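To start, the structure itself, in structure tokens.
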Amino acid sequence: MTTLAPQYDPSAIEAGTYRRWMDSGIFGAAVDTDRRPYVIVIPPPNVTAVLHSGHGLNNTLQDVLIRFERMRGRETLWLPGTDHAGIATQNMVERMLKKEGKTRQDVGREAFVERVWEHVHRTGGTILEQLKAIGCSCDWSRTRFTLDEEYSLAVRKVFVSLHEQGLLYRGQRVIHWCPRCRTSLSDEEAEFVDQDDHLYYIKYRLIEGDDADDESRSYVTVATTRPETMFGDVCLVFHPEDERFQKWLGATVEIPLSGVRIPIRTSTVVERDFGTGMLKVTPAHDANDFDIADALGGFERPITMDEDARMEDDPRVPEQLRRLDRFDARKKILELLETAGQLERVDPYSHAVRQCYRCETIVEPRLSDQWFVKMRPLATPALKAYRDGRLRFVPERWGKVYEHWLMQIRDWNISRQLWWGHRIPAWYCEQCDHITVAMEEPASCEACQGSVRQDEDVLDTWFSSWLWPFATLGWPDETADLKAFYPGHTLVTGPDIIFFWVARMVMAGYHFMGDTPFETVYLNGIVRDPLHRAFSKTLGNGIDPMDVVEKFGSDAFRFTLVAGAAAGTDVIMDRNDLDGTFAAGRNFANKLWNIGRLIVANLSDGATPTGSIDPAHLELADRWILSRCQRTISSATDQLERFRLNDVANEIYHFVWDDLADWYIEQVKPRLYGNREGGDTARGVLCHVFETALRLLHPIMPFITERLWEGLPGTQRGLLAASTWPSPTQEFEDDEAENRFARVQSLVGAVRAVRAEYGVAPGKLVGARVQPANTDALEAFNAEQNTIERLAKIGELSMDGGETGGVGAHQVLPDGSSVFVPLGDAIDVERECKRLNGELERLEKQLSGVASKLANENFISRAPAEVVDREREKERSWQEQREALAAKLRVLGC
RNA sequence: GGGCGAAUAGCUCAGUUGGUUCAGAGCGCCUGCCUUACAAGCAGGAAGUCGGGGGUUCGAAUCCCUCUUCGCCCACCA
């Protein structure tokens, strides 16, 4: 046992404590055990990420669950790792290159990928070290990376199997194209953002017949938000039942500026009330238009913009517009249309456009060849799992979001035109049309033995992360890990990736493993600033968890997050007020520390070994705290099982601070000091209760509890992290003791209130006479004399002081009993009267001031209403104060 | 356009099946205390028409309707 410093210094113990856990190997999961497994896979952070508060919250919650289940005796596996995060990481390295004035094309694919690996090897995995700093008890021996060689094998295996099963195909579709990242994106990666925009009404010249190139031309007006796409138009369509346009069915119009001629057709997709009721169809640059043109049949799909979203160098595009960026082109086109008199009007129009989720560039719909996964067959079991209750969400409402998405799921574009990621295992024949899909590079084309070249693209990052729960365990091999730890149990993540990741993991889990990868999805909230904005790098409003750990300790950080975040609710943190934000956790850690110090200081001589408390010697306060302790155990266990982690934190907090520190410890102090009667019992109970509190608190505050645990007496107690969660039993539950102690508390509270009110000096004893409301209460009070006297010994209260009748104050207790607190001997009545009279005088002066103000017509009529109200409020509160003072003076008889 | 959520003390938020325990917590504020575990503390205190309105009920912060204000998600009216 070592001595403890008066103030808790987390930095002095945390690193060493973590090392002891690591050395003991308790974070490692064993496969050869009878214990029931409990598995969480970490949401793998980007390999180049540094820890932010969101990670802090997410991983703390996981660690709380893991440590809780570990202490409950389950074989826990918390599997850590990182994600290669295709676009994000590639962008990061591209930005680095840019500083050197280079692009990835300049350095070439191989050198670029080499460069990314270098970066990953140099700075990657920083975040994992930071997770250790906040106490995460992952099984680090099983750390995985989504680009590990074994992991890549799983990814290829999945690609090949899906292909064999007919669930994977290469198709030409209009996909979301990010011209900045120069890659296609899935629907989920192209997020909606509202934009104030314009609707342009453009006049297409009507060609009456083949030879109608005369001046009797009329126009058809079409509304569009993207005039720059019009060179890719293949027809105009209106609703087949729209009377207005019937006469033009089959007619030909000319695309403005380019003069390309296109027909007018019909489609039921058209909304008659929108725009002019006439829609331009651009199959290569709009997904809907693609479908319309496809349904009509027989149209080309001209691509009129290149990969950088510049107007294509193509005969369809007027020469002066070629190579222009799409938005510059739009401006130019509008000018030209205006000049030509073909811009009928421009309406303001706000709508949602899609942008790249990584760089926020507006995406351009673009026709291209991509690999797609047929999702509907995969979605079916994932939906069923939710509906059958095999998979549940906390909070429940997210389940509906999950369900809705799966019901309207569309095929998943998994090709990315990037260099960083899993290269698509498909090889194209140079001679024939055959595509060879295989685990390893084929020597030649399967069909014709021609030479082959591999697909240039890589796979969507999420195409590897959706395998995380089983690919990390060695799949497709039938490893011992896989057998032992699949399916897992809880997934803790943010609601923002329900579609990207959660739903897809469930689909992959059922498809490849035949079971859900986890039973419960716990969605944590988002960490926000005081203006409720999410933390972001660009806003600079975030809090670096490492700063907090350094300043207040990991436990303060963790406690604040856990206590402050009910499931699914956001956590507010103010980077400009770290002290305020983390006060609860920091103060609580210090409180624990000092309870520990008191115990250590008083336990050295003759502590009763924990667990051998003799019921016969227990006093009321002992029975009370043991009962409260037992209830806290039951309740905390229950709340933890229901994922109400904030309730767990707050309940233990109040038990430790209010019950243990403020009442029990104050009550037993007299027994603790020296060799008093009952001292050993008090020490035994105190030790037991505190030890229990440490166990309960350990999952939330692992460092300080481990250190304090180490300081408690008892040989070979081992690590708290490897110890057990207190079992919820009824052993010490004692309603009677709780009720009776509650009466003591109310009595003591009443006396304290009187003391504060009348300025009784600290340390000065006052007496109290209780007139119990009924015989039950009378008995109870008589039985509690002992306890009350104990409290009296700390200098606040005695039951025998004071004269009946004399000067004193009455207080009514919740049970109806009344307390009389004689004050004659405790205060200098004369002086107190003088003081109170002085106060009263001052109040009267203030009151007459405000009264005359309020009587002043000018004031009432001219001053702003809220000022008048404020004065009225003042008057009211001063009048109340006057009443209170008068009452006090009456009590004191002056 | 559809859906979900939120509105409770100055601030950030709890409040589970409608009922003594419901009007709470932390921070902040006011008063008094350096009491031998802790001033990162102790004791006491002020502070809220539970967003507005209506309804159900013996009883509503809680259930229903409606309005207002915010936030999020989904969506092929270009």
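This structure is a prediction, so every number in the text was calculated from the model and none was measured. Chain naming here is simple, since letters A, B, ... match the order of the sequence lines and numbering starts at 1 in each.
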_Derivation of the side chain to side chain contact (heavy atoms under 4.5 Å, CB included) call for F192(A) and V353(A)_ = CA-CA 6 Å; F192(A) 282 101; V353(A) 297; over 6 Å; no

*What is the minimum heavy-atom distance between Y201(A) and G275(A), and which atoms define it?*
OH-CA, 3.9 Å

*So among V562(A), N524(A), N650(A), I700(A), which one has a side-chain contact (heavy atoms from CB on, under 4.5 Å) with L645(A)?*
V562(A)

_Regarding R226(A), tell me which of base, sugar-phosphate or nothing describes its non-hydrogen contacts under 4.0 Å with the strands shown._
nothing

_Rounded P spacing from rA61(B) to rU16(B) in Å_ = 12 Å

_Is there, by distance only and without an angle test, a donor paired with an acceptor across the side chain of E651(A) and the base of rA14(B) below 3.5 Å?_
no

*Rounded off to whole Å, could you give me the CG-to-P distance for the D662(A) and rC42(B) pair?*
5 Å

*Classify the angle between the aromatic ring planes of W663(A) and F741(A) as parallel (below 30°), tilted (30 to 60°) or perpendicular (above 60°).*
perpendicular

*C1' spacing across the pair rA6(B) / rG51(B), given as an integer number of angstrom*: 11 Å

Are any protein N/O atoms closer than 3.5 Å to N/O atoms in nucleotides 7-13 of chain B? If there are, list each pair with its distance.
residue, atom, partner, partner atom, Å
rC13(B), OP1, H532(A), NE2, 3.4

*Does a nitrogen or oxygen in the side chain of K669(A) sit under 4.0 Å from OP1 or OP2 of rA37(B)?*
yes

*By salt bridge (Lys or Arg N to Asp or Glu O under 4.0 Å), which residues pair with E757(A), not counting sequence neighbours?*
none

*Are the ring centres of F552(A) and F557(A) closer than 6.0 Å?*
no

*Which whole number of Å gives the distance between the P atom of rA40(B) and that of rG52(B)?*
40 Å

*With nearest nucleotides of RNA chain B determined for A753(A) and R586(A) from heavy-atom distances, which residue corresponds to the more 5′ nucleotide?*
R586(A)

Can I get a per-line list of side-chain donor-acceptor pairs under 3.5 Å for residues 579-586 of chain A, giving both atom names and the distance, sequence neighbours left out?
residue, atom, partner, partner atom, Å
D579(A), OD1, R586(A), NH1, 3.3
T581(A), OG1, D574(A), N, 3.3
T581(A), OG1, D574(A), O, 3.4
T581(A), OG1, D577(A), O, 2.8

*For the side chain of D647(A), counting heavy atoms from C-beta on, which of rU16(B), rA37(B), rC4(B) is nearest?*
rU16(B)

*Atom CG of D579(A) and atom P of rA39(B): how far apart are they, to the nearest Å?*
16 Å

*Under 6.0 Å from the CD atom of E191(A), do we count more than 12 heavy atoms belonging to anything else shown?*
yes

*asked:* Using the side chain to side chain donor-acceptor pair (under 3.5 Å) criterion, which residues pair with N576(A)? Sequence neighbours excluded.
replied: none

*rC67(B) and rC29(B): how far apart are their P atoms, nearest whole angstrom?*
42 Å

*Find the distance R597(A):CZ to rA39(B):C1' and express it as a whole number of Å.*
13 Å

*Round to a whole Å and report the spacing from CD1 of I665(A) to C1' of rA37(B).*
7 Å

*F500(A) ring center near Y357(A) ring center (under 6.0 Å)*: yes

Quick test: give all pairs of protein nitrogen or oxygen and nucleotides 25-35 of chain B nitrogen or oxygen below 3.5 Å, distance rounded to 0.1 Å.
none

_Euclidean distance for P, rA47(B) against rG24(B) (whole angstrom)_ = 12 Å

*To the nearest angstrom, how far is E757(A) atom CD from rA43(B) atom P?*
17 Å

*Can you pull the salt bridge (charged side-chain N to carboxylate O under 4.0 Å, His left out) pairs that have at least one residue in residues 281-295 of chain A, sequence neighbours excluded?*
R226(A)-D286(A), D294(A)-R301(A)

*Which pairs with one or both residues in residues 634-649 of chain A pass salt bridge (charged side-chain N to carboxylate O under 4.0 Å, His left out), sequence neighbours excluded?*
R72(A)-E641(A), D638(A)-R642(A), R644(A)-D647(A)

*For the side chain of R642(A), counting heavy atoms from C-beta on, which of rC38(B), rU16(B), rC4(B) is nearest?*
rU16(B)

*Would you please name every residue forming a salt bridge (Lys or Arg N to Asp or Glu O under 4.0 Å) with E403(A), sequence neighbours left out?*
R387(A)

*For rA39(B), take OP1 and OP2 only and decide whether either is under 4.0 Å from a side-chain N or O of K591(A).*
no

*asked:* Which residue is it: V270(A), I264(A), D242(A)? I am looking for the one with a side-chain contact (heavy atoms from CB on, under 4.5 Å) to M278(A).
replied: I264(A)

_Give me the distance, rounded to whole Å, that separates rC77(B) from rG2(B) when you measure between the C1' atoms they each carry._
14 Å

*Please measure how far the C1' atom in rG54(B) lies from the corresponding atom in rG44(B), and state the result in whole Å.*
43 Å

*asked:* Suppose you measure atom C1' in rG3(B) against the same atom in rU20(B); what distance do you get, rounded to whole Å?
replied: 40 Å

*Pairwise 5' ranking along RNA chain B for I595(A) and A223(A), keeping only the more 5' one*: I595(A)

_Qualifying residues under ring pair (Phe, Tyr, Trp, His ring centres under 6.0 Å), relative to W177(A), sequence neighbours excluded_ = none

*Tell me what D273(A) touches on the nucleic acid: a base, only sugar-phosphate, or nothing, going by heavy atoms under 4.0 Å.*
nothing

*asked:* Rounded to whole Å, how long is the line connecting atom CD of E738(A) with atom P of rU20(B)?
replied: 19 Å

*Residue list, side chain to side chain donor-acceptor pair (under 3.5 Å) with D411(A), at least two apart or on another chain*: Y169(A)

*Footprint string (nucleotides 68-76 of chain B, 5' to 3'): B base within contact, S backbone only, - free, heavy atoms under 4.0 Å*: -----SSBB

*Secondary-structure notation, RNA chain B, from Watson-Crick and G-U pairs under 3.5 angstrom (| other strand)*: (((((((..((((.....[....)))).(((((.......))))).....(((((..]....))))))))))))....

*Round to a whole Å and report the spacing from CD of E396(A) to P of rC4(B).*
15 Å

*asked:* Output the rounded distance in Å from CD1 (I526(A)) to C1' (rC4(B)).
replied: 14 Å

_Polar side-chain contact K400(A)-rC4(B) base: donor and acceptor under 3.5 Å_ = no

*So what does A589(A) touch, heavy atoms closer than 4.0 Å: a base, only the sugar-phosphate, or nothing?*
nothing

